[in-house]
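Structure first, commentary second.
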Protein chains: 2
Amino acid sequence: MQLAVSTVIFALRDPDRRSARTALDAPHPVLSLPLVCRVREPYDGFWALPGGPLRGEEGLTDAAARTLEETTGLRPTYLEQLYAFGEPDRSGATAAEPGERVVSVVYWALVSQHEAARARVGQNVRWLAADQLPDLAFDHNLIVDYALWRLRTKVEYSRIAHAFLGEHFTLRELREVHELVLQRELDPANFRRQVEASDAVVPTESFRTGGRHRPARLYRYNTAIAPVDLGPLAAPPTTPEPSPTPPATRSSR
Amino acid sequence: MQLAVSTVIFALRDPDRRSARTALDAPHPVLSLPLVCRVREPYDGFWALPGGPLRGEEGLTDAAARTLEETTGLRPTYLEQLYAFGEPDRSGATAAEPGERVVSVVYWALVSQHEAARARVGQNVRWLAADQLPDLAFDHNLIVDYALWRLRTKVEYSRIAHAFLGEHFTLRELREVHELVLQRELDPANFRRQVEASDAVVPTESFRTGGRHRPARLYRYNTAIAPVDLGPLAAPPTTPEPSPTPPATRSSR
DNA sequence: CCAAAAGTGTTGGTAATACACCCATGT
DNA sequence: ACATGGGTGTATTACCAACACTTTTGG
């Protein structure tokens with residue numbers, strides 16, 4: 001039995017020119033992920049998630065970060081475990097060609113627009129739009145679907161949208177990230193009120209000028225607040241640290 | 001490298017007589033989990049989660065259900081993957097006694113009050129209260145804490161509380177499950193309104209009598225509604241079945 | 001035996017809050 | 001044209017109150 005680690009990497013990328021229907025299409029970024037082309041059986045020639053086997057002395061999260069960096073050159077701003085897939089028949093083995101069984105611990109990651117531009121792409125690594133994927137190797141279509149579902153549900157109650165942006169951003173840009181991920185438009189006024197009330201961002205004194213409209217104030221991420229609530233796993237296992245919160249003593253009812 | 005599967009099993013159990021402070025304490029059920037006592041190093045004599053190694057041709061979920069049944073005799077009404085733990089040093093190996101590295105895929109399960117009473121307990125298997133656990137083997141304290149956190153967050157947006165109850169129950173009983181899990185009291189009126197609006201339960205024509213008060217109507221679980229939203233993983237991999245909902249056709253923005 | 005009390009299920013209201021939707025103004 | 005701020009009606013929730021129905025208790 002083999003244990004492998006793979007990662008679904010999301011980024012918002014400016015669309016290729018050739019995929020635009022008309023010149024008038026607004027150049028909205030597209031939710032995309034980098035995939036690698038397999039060069040041997042099974043699934044020779046199919047696109048697959050970046051990943052690799054777990055090495056001797058590294059943790060699962062470390063393995064995800066390493067394999068992701070080795071194949072795509074990317075360093076994610078957010079990395080979280082997604083799910084462990086371990087059906088006996090998922091390795092693509094057939095009666096004619098029985099392969100070894102593989103259990104995959106899959107992670108999902110977000111990279112910023114700026115980082116995504118630095119990705120090492122080529123013949124074997126390419127960005128594909130998340131909503132127009134071809135048939136992938138193994139059960140990777142299911143894995144990507146599940147990662148997409150997690151991203152969309154988590155954006156609504158967490159603060160991970162910042163991971164797509166740089167250090168400074170306007171509320172319009174942050175709102176656009178939410179809209180692209182959720183695939184629906186959000187009310188600018190309510191979005192502003194929510195974000196400001198949540199303390200997730202802090203205003204700066206800078207403004208983004210250049211558009212033919214009123215300059216938009218730039219905000220930055222509030223690092224005093226944890227981006228997501230992971231519960232007891234909040235402290236990464238690589239640096240185990242006793243929780244500062246005392247054990248919940250239950251008063252008798 | 002070894003791959004093991006373990007399960008955190010939750011049930012609401014009537015408290016032992018000896019743990020009641022006074023005879024007047026209301027006998028509220030207590031959130032508990034069955035643990036097994038280790039009989040060899042490492043962690044000889046410590047309590048640990050039930051589990052075992054993954055067998056050749058079974059899926060991860062199947063392995064969780066099997067090891068859980070073998071050690072405790074329980075069949076859960078709810079079973080879901082929790083997390084994969086794979087830090088290199090978590091197997092309890094020391095410099096004096098280096099053990100093999102173990103990656104654990106951990107599941108969490110809920111069993112009904114009735115099923116919990118049938119559990120095979122003895123010298124090596126015992127129920128312990130979830131909020132008063134001793135030091136457990138390996139990193140199992142962290143694992144239980146995380147499972148507790150998942151249970152508490154999921155009860156609020158999902159319908160898993162029914163898994164603790166039998167086929168028929170009063171709204172009072174369902175509310176008590178929520179209160180015990182969340183450790184706070186809920187408004188009866190609002191709870192009733194929410195549950196009725198959510199279509200999660202269906203009223204029956206039976207009533208629970210016996211108390212010195214007005215009989216309470218019995219409800220049953222609405223099987224037409226999925227208990228939890230697992231997204232694309234909703235169909236269990238053991239019985240792959242096309243989703244009845246058509247694929248979401250995405251309109252271009 | 002009957003009436004009152006006790007106790008919980010069930011139902012309804014009110015104030016505060018959050019959100020969807022719309023509009024005004026500034027640059 | 002878009003950023004920013006404000007305004008209104010609707011839905012949800014916290015909190016409170018009343019009524020319904022059965023068992024128990026006191027005569």
Side-chain angles (χ1 to χ4, degrees), chain A residues 24-29 152-153 155-159 161 165-166 168-220 253, chain B residues 24-29 152-153 155-159 161 165-166 168-220 253:
Chain A
L24 292 177
D25 270 355
H28 285 300
R152 286 183 175 134
T153 55
V155 153
E156 290 194 299
Y157 68 86
S158 197
R159 304 179 213 277
L165 299 169
H168 299 285
F169 47 86
T170 68
L171 289 187
R172 170 75 165 91
E173 291 164 353
L174 183 61
R175 180 165 53 89
E176 192 182 26
V177 171
H178 279 83
E179 290 178 343
L180 286 170
V181 169
L182 296 176
Q183 298 179 141
R184 62 189 168 91
E185 293 180 8
L186 302 172
D187 182 78
N190 288 331
F191 184 80
R192 172 179 301 270
R193 277 187 282 249
Q194 279 173 219
V195 169
E196 281 174 348
S198 73
D199 268 352
V201 300
V202 286
T204 71
E205 293 310 312
S206 313
F207 294 80
R208 169 114 51 219
T209 58
R212 48 165 165 261
H213 53 75
R214 176 175 172 178
R217 184 181 291 274
L218 287 172
Y219 291 76
R220 63 175 175 79
R253 297 163 39 104
Chain B
L24 292 177
D25 268 354
H28 284 299
R152 287 183 174 133
T153 54
V155 154
E156 290 194 301
Y157 69 86
S158 197
R159 303 178 215 276
L165 300 169
H168 298 285
F169 47 87
T170 67
L171 289 187
R172 170 77 163 91
E173 291 165 352
L174 182 61
R175 179 164 55 88
E176 192 181 26
V177 171
H178 278 85
E179 291 178 343
L180 286 169
V181 169
L182 296 176
Q183 298 179 135
R184 63 188 168 91
E185 293 180 7
L186 302 172
D187 182 77
N190 288 331
F191 184 80
R192 172 180 301 271
R193 278 187 282 250
Q194 288 175 205
V195 169
E196 282 174 347
S198 75
D199 268 352
V201 299
V202 194
T204 71
E205 293 309 312
S206 312
F207 293 82
R208 168 111 54 215
T209 59
R212 49 165 166 254
H213 52 77
R214 173 175 173 178
R217 183 181 293 275
L218 286 172
Y219 290 76
R220 63 175 175 79
R253 294 171 37 104

Atom [atom1] of [X] to atom [atom2] of [N]: distance rounded to whole Å?
X      : N      : atom1 : atom2 : value
A/E185 : C/dC19 : CD    : C1'   : 17 Å
B/F207 : C/dT8  : CZ    : C1'   : 14 Å
B/L171 : C/dT10 : CG    : P     : 6 Å
B/L186 : D/dC15 : CG    : P     : 11 Å
B/Q194 : D/dT13 : CD    : C1'   : 8 Å
A/F191 : C/dA20 : CZ    : P     : 12 Å
B/R192 : C/dT8  : CZ    : P     : 15 Å
A/H178 : C/dC19 : NE2   : P     : 13 Å

Kindly indicate, with the supporting measurements, whether the criterion salt bridge (Lys or Arg N to Asp or Glu O under 4.0 Å) is fulfilled by A/R217 and A/E173.
CA-CA 11 Å; A/R217 184 181 291 274; A/E173 291 164 353; over 6 Å; no
Return yes if some donor-acceptor pair links the side-chain N/O of A/T204 with the main-chain N/O of A/L218 below 3.5 Å, else return no.
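Looks like yes, one N/O pair under 3.5 Å.
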List the steps and the verdict of salt bridge (Lys or Arg N to Asp or Glu O under 4.0 Å) for B/E179 and B/R152.
CA-CA 10 Å; B/E179 291 178 343; B/R152 287 183 174 133; over 6 Å; no
Could you list, one pair per line, each protein nitrogen or oxygen that sits under 3.5 Å from a nitrogen or oxygen of nucleotides 6-12 of chain D, together with the distance?
from	atom 1	to	atom 2	distance (Å)
D/dG7	O6	A/R193	NH2	2.9

Contact summary for A/R208 and A/T170, nearest pair of heavy atoms
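Distance-wise, the nearest heavy atoms are CB-CG2, 3.9 Å.
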Taking it one step at a time, do B/V201 and B/F169 satisfy side-chain contact (heavy atoms from CB on, under 4.5 Å)?
CA-CA 10 Å; B/V201 299; B/F169 47 87; 3.8 Å; yes
Applying side-chain contact (heavy atoms from CB on, under 4.5 Å) to A/N190 and A/R192, what does each step give before you reach the verdict?
CA-CA 5 Å; A/N190 288 331; A/R192 172 179 301 270; over 6 Å; no
At under 4.0 Å between heavy atoms, how does the protein contact nucleotides 19-27 of chain D? Give one character per nucleotide, 5' to 3', with B, S or -.
-BBBSS---
Can you tell which of B/L171, B/V202, B/V195, B/L174 makes a side-chain contact (heavy atoms from CB on, under 4.5 Å) with B/Y219?
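It is B/L171; the other options fail the test.
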Taking the side chain as every heavy atom from C-beta outward, state whether B/R175 and B/P188 have any pair of such atoms under 4.5 Å apart.
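Side chain of B/R175 against side chain of B/P188, heavy atoms only: contact under 4.5 Å found.
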What do you reckon, are the aromatic ring centroids of B/H178 and B/F191 less than 6.0 Å apart?
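Between B/H178 and B/F191, the centre distance is under 6.0 Å.
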